[in-house]
Number of protein chains: 4
Amino acid sequence: MKRDKPKYKQIIDAAVIVIAENGYHQAQVSKIAKEANVADGTIYLYFKNKEDILISVFREKMAIFVDNVQIILNQDIDTSEKLLKMIDNHFRVLNEDRNLAIVTQLELRQSNKELRFRINEVLKEYLSLLDAILKEGIDKEELNISLDVRLARQMVFGTIDETITSWVMNDQKYDLMKLSPEVHKLLMKGMKA
Amino acid sequence: MKRDKPKYKQIIDAAVIVIAENGYHQAQVSKIAKEANVADGTIYLYFKNKEDILISVFREKMAIFVDNVQIILNQDIDTSEKLLKMIDNHFRVLNEDRNLAIVTQLELRQSNKELRFRINEVLKEYLSLLDAILKEGIDKEELNISLDVRLARQMVFGTIDETITSWVMNDQKYDLMKLSPEVHKLLMKGMKA
Amino acid sequence: MKRDKPKYKQIIDAAVIVIAENGYHQAQVSKIAKEANVADGTIYLYFKNKEDILISVFREKMAIFVDNVQIILNQDIDTSEKLLKMIDNHFRVLNEDRNLAIVTQLELRQSNKELRFRINEVLKEYLSLLDAILKEGIDKEELNISLDVRLARQMVFGTIDETITSWVMNDQKYDLMKLSPEVHKLLMKGMKA
Amino acid sequence: MKRDKPKYKQIIDAAVIVIAENGYHQAQVSKIAKEANVADGTIYLYFKNKEDILISVFREKMAIFVDNVQIILNQDIDTSEKLLKMIDNHFRVLNEDRNLAIVTQLELRQSNKELRFRINEVLKEYLSLLDAILKEGIDKEELNISLDVRLARQMVFGTIDETITSWVMNDQKYDLMKLSPEVHKLLMKGMKA
DNA sequence: TATGAATGAGACTTCATTCAT
DNA sequence: GATGAATGAAGTCTCATTCAT
């Protein structure tokens with residue numbers, strides 16, 4: 001499997017660095033190849049085309065979020081705590097890899113419609129886990145039973161996303177992690193039973 | 001003043017249509033000129049360059065939001081109602097001009113860092129009006145006095161934005177306007193005193 | 001006759017200024033019109049096209065040289081003195097109108113082959129007057145009777161031209177007029193009987 | 001080193017042909033590429049931009065002159081003979097490559113101020129060799145000891161340049177080489193001790 | 001597997017000229 | 001005669017992808 005070979009990860013990581021440092025539109029395949037210490041042509045032994053690199057970046061990195069949330073979901077804690085851990089997880093991963101934050105919040109959004117639709121496919125998996133948390137909360141009557149799950153999910157994800165984007169736009173000047181309790185409280189207040 | 005001449009508006013409107021129908025990266029100047037029924041060169045009598053067209057699209061259209069919210073802000077109604085009217089306004093404008101919705105929620109976000117930075121400058125005006133509503137609500141104790149205005153604004157804007165983007169991504173299949181009471185309720189529940 | 005109307009001269013003079021200040025390739029018709037205080041379209045009432053302006057600039061200004069040399073030619077002085085007066089005249093006119101010097105020595109040479117051929121047609125009249133001086137000198141045996149007139153004319157004109165170009169390229173730092181006795185002596189030494 | 005690769009010379013030579021045949025302003029990169037039998041993009045692997053091609057043409061070709069004159073300068077012959085060889089060399093190179101003559105005497109002079117400034121930098125090396133010959137002649141008292149070297153150089157170069165330009169303008173109808181003894185005689189007569 | 005030289009399509013912008021007023 | 005808004009043709013350069021080695 002190509003994904004397990006060292007050069008595959010090498011190229012993915014190089015792509016994150018190059019995009020973060022140069023911006024989406026200045027992230028040429030040749031720059032990524034150079035950063036990854038491979039020849040331009042080698043890229044095409046591991047990826048179908050440039051778009052494939054970008055989707056793979058998103059898929060590989062999003063897997064971290066998904067795996068963590070999967071674990072959270074299975075824990076024996078109440079909905080409020082699950083939500084807190086999820087927000088915490090989301091903030092922590094991006095707080096720790098600031099290049100990744102730049103890439104997901106700013107740069108990859110410059111991609112064209114088709115690529116963003118495919119990125120959204122990947123995102124949906126994450127959002128469905130969030131849906132699962134919310135549904136479980138409603139079932140267990142820990143959240144307001146008249147809550148519209150789709151709207152609630154849009155509020156939760158929209159708030160998290162906007163908070164992180166603001167942080168990135170402000171050059172990551174403050175500690176993102178510190179915001180999670182307040183964000184959690186605000187969201188829970190809106191959704192709780 | 002160039003902005004008052006009919007061709008200026010003609011080109012702006014053509015740009016919205018062309019970008020919505022073809023996507024940001026396929027919106028060539030020549031296509032916009034054709035849609036506006038002017039020669040390519042005429043574009044440059046009204047706009048400095050292509051980027052200037054795009055910023056102007058955003059500025060001109062965002063002015064509608066800002067003007068409306070300004071009026072709402074001055075009305076003698078309580079904070080909850082102001083917020084409802086603001087959400088309503090935001091949803092209505094984009095519900096009525098679906099091309100504009102595609103352009104603001106999807107296409108213009110593909111622009112490069114510099115252009116998005118300039119778009120953000122325009123956006124800030126709108127966000128500061130939202131801030132004013134929230135601050136007033138706190139002062140009048142209609143909102144939770146311990147509310148962090150920045151976080152609250154990020155929640156409100158993030159939720160609205162995410163809701164509209166979801167609607168656009170789902171091909172605007174449902175009536176966006178119908179969502180505003182529920183969105184409003186959810187947000188107010190989180191913020192009220 | 002158009003050439004006698006004030007706007008004709010106004011445009012010619014504006015062209016010299018605009019070309020000297022902006023360079024040949026930055027001397028747009030609209031700039032010349034602005035400098036001449038006329039509308040763009042007015043230019044075309046006096047000149048067939050842009051090339052026609054440039055040739056006219058050269059023709060009108062070259063007429064000054066030709067007229068002066070014509071007078072010199074008719075004077076009752078010896079060949080050496082005629083040559084000195086001619087060099088003096090050439091240097092003086094350009095020394096006094098430095099914009100004109102920039103235009104003739106540097107900028108107009110950037111024009112395309114066809115324009116330069118037409119400029120050369122104008123120049124030929126001047127060179128034929130120089131030829132006349134040289135031929136007369138040979139006939140009167142004041143110059144070496146075995147002198148090849150064409151070569152001698154190329155030496156005289158080439159030396160004058162190169163001297164002026166050097167002066168322009170050195171930002172007209174020194175007084176061009178002071179060079180004429182030395183240039184004259186050098187040339188005469190090569191050609192005298 | 002890029003300059004040693006065959007495609008580099010291939011493109012330079014193609015540029016001379018295309019400029020000579022089409023004129024400076026009609027020498028599009030795509031034409032040069034076609035003449036050189038490479039793709040348009042390949043040009044940019046060897047040259048920074050179009051201007052870089054043109055400067056390189058001048059630099060590469062001027063090197064022939066400079067190298068030859070350097071050899072002449074070191075020979076154990078008198079100043080008069082050195083000057084003759086130099087004129088001979090200059091005439092011969094351009095007589096043998098008539099396209100090059102068109103390019104250096106007519107076409108490259110149409111370039112913009114900046115390009116011509118850079119071309120002049122290259123030219124200065126050649127002129128300083130000429131200066132060296134003249135200075136040596138004065139020191140050895142083979143030339144007039146009161147000779148102004150700058151003026152003399154301007155006369156020599158101006159005469160050579162004007163002679164060649166005349167020859168090119170007359171469609172290279174006669175044999176340029178045959179003119180060198182006469183040109184040399186004329187110049188030496190003016191400068192000799 | 002890996003390389004990297006070569007390819008070639010594609011678009012923004014300028015500016016001389018026109019013509020309705 | 002005078003205006004100036006409108007026109008539209010035309011060229012440089014970038015960069016994702018290929019393929020011979």
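Side-chain atoms are counted along with the backbone in the values below, which use heavy atoms only and exclude waters and symmetry mates. Labels below follow one simple rule: chain letters A, B, ... track the order of the sequence lines, proteins then strands, and each chain is numbered from 1.
Distance alone, capped at 3.5 Å, places no donor-acceptor pair between the E107(A) side chain and the I102(A) backbone. Although no hydrogens or angles enter the test, the distance criterion places no donor-acceptor pair under 3.5 Å between the side chain of N120(A) and the main chain of L123(A). In this structure, K7(A) contributes its side chain and T42(A) its backbone to no donor-acceptor pair below 3.5 Å. Proximity of a side-chain donor or acceptor of K50(C) to a complementary backbone N or O of V29(C) within less than 3.5 Å is not detected. Between the K9(C) side chain and the D4(C) main chain, no donor and acceptor come within less than 3.5 Å of each other.
Among T104(C), D13(C), V103(C), the one residue that satisfies the side-chain contact (heavy atoms from CB on, under 4.5 Å) test with K61(C) is D13(C).
Bracketed by its first and final contacts, the part of DNA chain E lying under 4.0 Å from non-hydrogen atoms of chain C reaches from dC15(E) to dT18(E) in 5' to 3' order.
Comment: E121(B) engages K124(B) in a salt bridge, judged by a side-chain N to carboxylate O separation of less than 4.0 angstrom.
Between atom CD1 of residue I55(D) and atom CD of residue E60(D) there is a gap of 12.5 Å, rounded to the nearest 0.5 Å. The distance from the CZ atom of F58(D) to the CD1 atom of I12(D) is 12.5 Å, given to the nearest 0.5 Å.
A heavy atom closer than 4.0 Å to some atom of DNA chain E occurs in N49(B), K50(B), these being the qualifying members of residues 45-61 of chain B. Contacts between residues 10-36 of chain B and DNA chain F, defined by a heavy-atom separation below 4.0 Å, involve no residue at all.
Taking 4.0 angstrom as the limit, K5(C) places a side-chain polar atom (N or O) nearer than this to OP1 or OP2 of dG1(F).
Spacing between atom OH of Y44(D) and atom P of dC13(F) amounts to 4 Å, rounded to whole angstrom units. For K7(B) and dG4(F), the NZ to P distance is 16 Å, given to the nearest whole Å.
Residues G41(C) and N37(B) both approach DNA chain F. Their nearest nucleotides, taken by heavy-atom distance, put G41(C) toward the 5′ side.
Within a 6.0 Å radius of CD in E125(B), no more than 12 heavy atoms belonging to other residues, nucleotides or ligands are found.
Centroid-to-centroid, the aromatic rings of Y126(A) and F65(A) come within less than 6.0 Å.
Shown here are the side-chain contact (heavy atoms from CB on, under 4.5 Å) partners of N49(D), two or more places apart in sequence or in another chain: E51(D), D52(D). Scored by the side-chain contact (heavy atoms from CB on, under 4.5 Å) test, A101(D) finds L94(D), W167(D), V168(D), Q172(D) as partners (sequence neighbours excluded).
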Dot-bracket notation for DNA chain F, counting Watson-Crick and G-U pairs under 3.5 Å, with | for partners on another strand:
.||||||||||||||||||||
